[in-house]
Student: 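I am attaching a structure below and will ask some questions about it afterwards.
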Amino acid sequence: MSFDLEIDHRIGDRPIRLRAQAGAGLTALLGPSGAGKTSILNMVAGIVAPDRGRITVAGETLFDSSAAINVPASQRRAGYVFQDGRLFPHMRVRANLLYGRHGDAPLSFEAILDFLGIGHLLDRWPATLSGGEAQRVTIGRALLSGPRFLLLDEPLSSLDPARREEISTVIERMKRDLAMPILYVSHDRAEVERLADHIIPL
Amino acid sequence: MSFDLEIDHRIGDRPIRLRAQAGAGLTALLGPSGAGKTSILNMVAGIVAPDRGRITVAGETLFDSSAAINVPASQRRAGYVFQDGRLFPHMRVRANLLYGRHGDAPLSFEAILDFLGIGHLLDRWPATLSGGEAQRVTIGRALLSGPRFLLLDEPLSSLDPARREEISTVIERMKRDLAMPILYVSHDRAEVERLADHIIPL
Amino acid sequence: QQRGPLVLAAASMQEAMNAAADAWAAQRHARPVLSFAASSALARQIRSGAPADLFVSADEDWMDDVERAGLLQRGTRADMAGNRLVLVAPARAPLRLRIARGMPIARALGDSRLAMANPDSVPAGKYGKAALAALGVWHSVANRLALGDNVRSTLTLVERGEARLGIVYATDARASRDVVVAGTFPAASHAPIRYPIARLTASRNPEAEGFRRFLLSRPGQNILARYGFSRP
Amino acid sequence: MILSPEEWSIVALSLQVSLVAVGLMLPVAFALAWLLARSRFPGKLLVDALVHLPLVVPPVVTGWLLLLLFGANGPLGRLFEQALGVSFMFRWTGAALASAIMAMPLMVRAMRLSIEGIDRRLEQAAQTLGAEPRRVFLTISLPLALPGILAGLVLGFARSIGEFGATITFVSDVPGETRTLPIAIYSALQMPGAETAVTRLAVISILLSLAALVASEALARRAGGGRTNHVL
Amino acid sequence: MILSPEEWSIVALSLQVSLVAVGLMLPVAFALAWLLARSRFPGKLLVDALVHLPLVVPPVVTGWLLLLLFGANGPLGRLFEQALGVSFMFRWTGAALASAIMAMPLMVRAMRLSIEGIDRRLEQAAQTLGAEPRRVFLTISLPLALPGILAGLVLGFARSIGEFGATITFVSDVPGETRTLPIAIYSALQMPGAETAVTRLAVISILLSLAALVASEALARRAGGGRTNHVL
Ligand SMILES: Nc1ncnc2c1ncn2[C@@H]1O[C@H](COP(=O)(O)OP(=O)(O)OP(=O)(O)O)[C@@H](O)[C@H]1O
Ligand SMILES: Nc1ncnc2c1ncn2[C@@H]1O[C@H](COP(=O)(O)OP(=O)(O)OP(=O)(O)O)[C@@H](O)[C@H]1O
Ligand code: MOO
Ligand SMILES: [Mg+2]
Ligand SMILES: [Mg+2]
């Protein structure tokens, strides 16, 4: 099982409830805006603790309210590409990319610069990046942190088709060659159909 | 002529140069990430002054470096949907929506709440909105400001297909029924093909 | 070289005490370390166990306070200097007033105020109030006062002409070029003004007693007199 | 704790002085903070240094400078008297002026810090929505700087409630006009054995600024609303 | 302006006292600011009030309280003497302690303001990248709070350079140990006619803090880099 999720949570006045198991490969979370997709990624990443439930990724239990297990976010080794970027504004692009660097990174620094096309941005401050440039740096930062699984929240929105294609290829390679579990949020039907092995509707 | 653009600008070490004229309807700006699309919208909106050039929208000259014309952003009446949202964090959704309210708004407050599906969010703070919810509020705020033209920077990214469909319909209606000039940035080929009357490649 | 004794002295004695310390040092003694502050602050420091040698107070009350706390070496308290109280006016608007019973001080003030130190807390103010009361004019100025936290701030107000009259010590008036003495209060109109000195029980410096005696000796007294202090 | 009538009047005066001081300084400090945060101009460093001046020199020096400038014989003092009929000497207005000047650097710094933190892109967004500069300032910049404004108010008020040195040097201690809490406290501190009175007055001061603290926290919470995070 | 050897030693002492005071207070103030910004706990208001205390009560009262606590007979004074061999009375260490306490409220407020402005989502992002709390704090929170830390340092340093009332009340005016710039200024002010000396010393103070100002602005600019706007 890649993901075994059992989540009961209330955010504001909206209840979020999910029971899902997904096998190897890429699992797409599908649902309308506001359905709770980002909230679920946050819970799997360990940023938000569900009110109740259990979260198991690749056989490891990251959270279990009944057993009082809650692995800290810093030890979950999720490669989380946030919907809202969250580059560190006080570090240049290079420092952002290297922030979580980990020996186990599936791709080398150079390879990542290359396929994301961000080699020329290394000395820039995040505030000077265009929308798509910032998004690519965010993806690079997550991949360089040596993740055991990926949480991708609309990672390809605001990228041009050529770039999209390249990054999709890399994502496919990671799930195939590295057997990396991936939880993927997107509204693009074509994208989901191409990439997803499982779909969890919300 | 909807848009008559003649722009020479340097941002950081990247030169942005554009000569384009586009007739009535929706004009799509197409180009890879970092090509300068957002920068151009900023210049048309009046947030950034080009180093040199002329910007005319629907016959009105908003900027002309040779004639020292530079209409302030507040008087250009652009309905600008920013790539990065920019909701006012200290105002609730209602106040955000009404901030630029103008008698000439093409759609009533209720109609906008309705087709954007944000009626239930009126009393919420922007910080509690999901990505798609925030984006819809941003669109609503721009439409309610009684714009004479629209600047849309990837307005439909991070929206689910159903919502996307509805908003596309409204955008089409505005350009058709109100003859509103629209400058549109998107990477979604299908979207552009459906909506655009003219395409400016960058 | 051995450190000189630490002397805590009232701020108003600064120049005179410095001169005395220089003279003492010229006799091949270590120069005393002089520390000036308001007598109240010094007394509190002594009470909190400060390791000092001599205390010179501008005020008998604070010396009494320290004595009651048992912090004075028995038999070392003595009156070191005296002073006179004067009425001063700005040099730019000089004024002479015969200081006597029922003097027209209120009229002399006009719409201005009488600057003096706070009679509840500062010694110069205490003496000033007593003197005005003895002359029967306190009530005529009681609501026309500008009270300072020390003699120096009173002096400044008169120097600047913000107050037409002020009550300060003769030593202060003498040191300032911007005020003139309008009159000197009769010694009988207030309690004698005395600056007591004493050695503290915390004193360890072998030269402390020597310096104390020097201050009370004829050469020491002559130095103080140069700065306008009278014999106690 | 039951206050005596005299204590009440001191408290009332202190409040009046501090509120007027902080109230008057608020727009001035904000304007200075804005200028320092947003503009580059020759002499900016000088303005910055002048703003910090009352923090850097001891309060008595500030009081002395105020006396030179705003005394009845000072150039600005004359101006205010003639133009507005406002005089400062020995008046509560002078105490308020001294407090305001002493509070200035604290207020400016806090506000400047918040102004520098404003996300300029939000101001641009407001412009494109048709807001002219005035409206952008009032509805976007000002509310976004609110945390700094509140912090500045708290710091300024606390400083005012505690201001002593500049006030007494400038306008002296005139009961009912300039005898604020700290001046009363200082007088009491100079009297042996008046520690109880000091403590009472100090506790009153603390309670006053506690009230200000609570009020500001409540305001901050109300205004804070959902602002803890920026979104998208 | 050429300084006399005595003036040089006063400047050196002032710098030593202020730098030690601000340096020692920096971590304490940051910890307090962090606590007040991030935690909710019973008694938080009390801590907040205590932090503001040195601002609210007149400096002499703070000095008096320091004397009671840290004097040779005070409970904390004894503790420091026995545990660390550090004594405060009449020593520059006492002047530094007084300065640090007086600077505290300003430093805490400025830092707190910046800490409250930190975007928590960035700290979360760092966590998901494998950073444990310590690293998140050092690499994200601390640098993001830098503008407030710098503002706190400037305010604290300026306040230290100007601190007078608490210092003289606590550790008196001892040349070479506690005679900092403001105390020297005060001494000079007590002597009629010493206005030139006062002005010289005041100008030195101002130049010192101007230097601090310039240094902080330069630091802020260097650290600021591209931080003026948050992005995406
Ligand atoms: N301050 C700056 N210094 C250097 N380069 C800058 C600066 N600001 C922007 N740029 C560059 O200018 C280019 C144009 O940016 P712009 O935001 O207009 O791109 P865009 O076409 O909107 O891209 P995207 O589709 O990724 O949003 C980008 O390459 C960006 O990195
Ligand atoms: N503090 C809050 N109070 C009330 N409701 C909240 C709060 N925070 C989030 N919500 C709501 O929780 C729901 C789930 O949000 P979430 O961000 O998970 O949605 P999402 O599925 O990612 O949507 P999108 O596709 O638009 O990004 C949304 O409707 C949002 O408005
Ligand atoms: O010399 Mo004093 O103790 O200021 O009156
Ligand atoms: Mg989302
Ligand atoms: Mg863009």
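Order of the sequence lines sets the chain letters (A, B, ...), proteins ahead of strands, with each chain counted from 1. Note: hydrogens, waters and symmetry copies are ignored here, and every other heavy atom, side chains too, is used.
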Student: From A:Leu98 CG over to E:Leu129 CG, what is the distance, rounded to the nearest 0.5 angstrom?
Tutor: 11.0 Å
Student: Taking atom types as modelled, is there a side-chain donor on E:Gln124 or A:Arg86 under 3.5 Å from an acceptor on the other?
Tutor: yes
Student: With a 4.5 angstrom heavy-atom cut-off, which part of A:Arg101 approaches chain E: side chain, backbone, both or neither?
Tutor: neither
Student: Can you confirm whether E:Phe80 is buried at CZ, in the sense that more than 12 heavy atoms of other residues, nucleotides or ligands lie under 6.0 Å from that atom?
Tutor: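 No, CZ of E:Phe80 has 12 or fewer neighbouring heavy atoms, counting only those of other groups under 6.0 Å.
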Student: Can you sort out the partners of A:Ser145 under side chain to side chain donor-acceptor pair (under 3.5 Å), two or more places apart, ordered by chain and number?
Tutor: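 A:Ser145 satisfies side chain to side chain donor-acceptor pair (under 3.5 Å) with no other residue.
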Student: Decide side chain to side chain contact (heavy atoms under 4.5 Å, CB included) for A:Tyr80 and E:Gln127; before the verdict, give the C-alpha distance in whole Å, the side-chain angles of both, and the deciding distance to 0.1 Å.
Tutor: CA-CA 10 Å; A:Tyr80 191 171; E:Gln127 282 167 31; over 6 Å; no
Student: Before giving the answer on side chain to side chain contact (heavy atoms under 4.5 Å, CB included), spell out for A:Phe88 and E:Asp119 the whole-Å C-alpha distance, their side-chain angles and the decisive distance to 0.1 Å.
Tutor: CA-CA 10 Å; A:Phe88 304 128; E:Asp119 188 344; over 6 Å; no
Student: Quick one: which residues of residues 38-74 of chain A reach chain E at under 4.5 angstrom, heavy atoms only?
Tutor: A:Ala45, A:Ile47, A:Ala73, A:Ser74
Student: For the pair A:His90 (side chain) and E:Thr139 (backbone), establish whether a donor and an acceptor sit closer than 3.5 Å, ignoring hydrogens and angles.
Tutor: yes
Student: Grab the two heavy atoms, one from E:Val136 and one from A:Tyr99, that are nearest each other, plus how far apart they are.
Tutor: CA-OH, 4.1 Å
Student: Sort by residue number and list every residue of residues 13-20 of chain A having at least one heavy atom under 4.5 Å from chain E.
Tutor: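 From residues 13-20 of chain A, none sit under 4.5 Å of chain E.
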Student: Hey, does E:Thr128 have a side-chain heavy atom less than 4.5 Å from the side chain of A:Phe82?
Tutor: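 They are in contact (side-chain heavy atoms under 4.5 Å apart), so the answer is yes.
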Student: Could you list which of residues 157-167 of chain A have a heavy atom closer than 4.5 Å to any heavy atom of chain E, in residue-number order?
Tutor: none
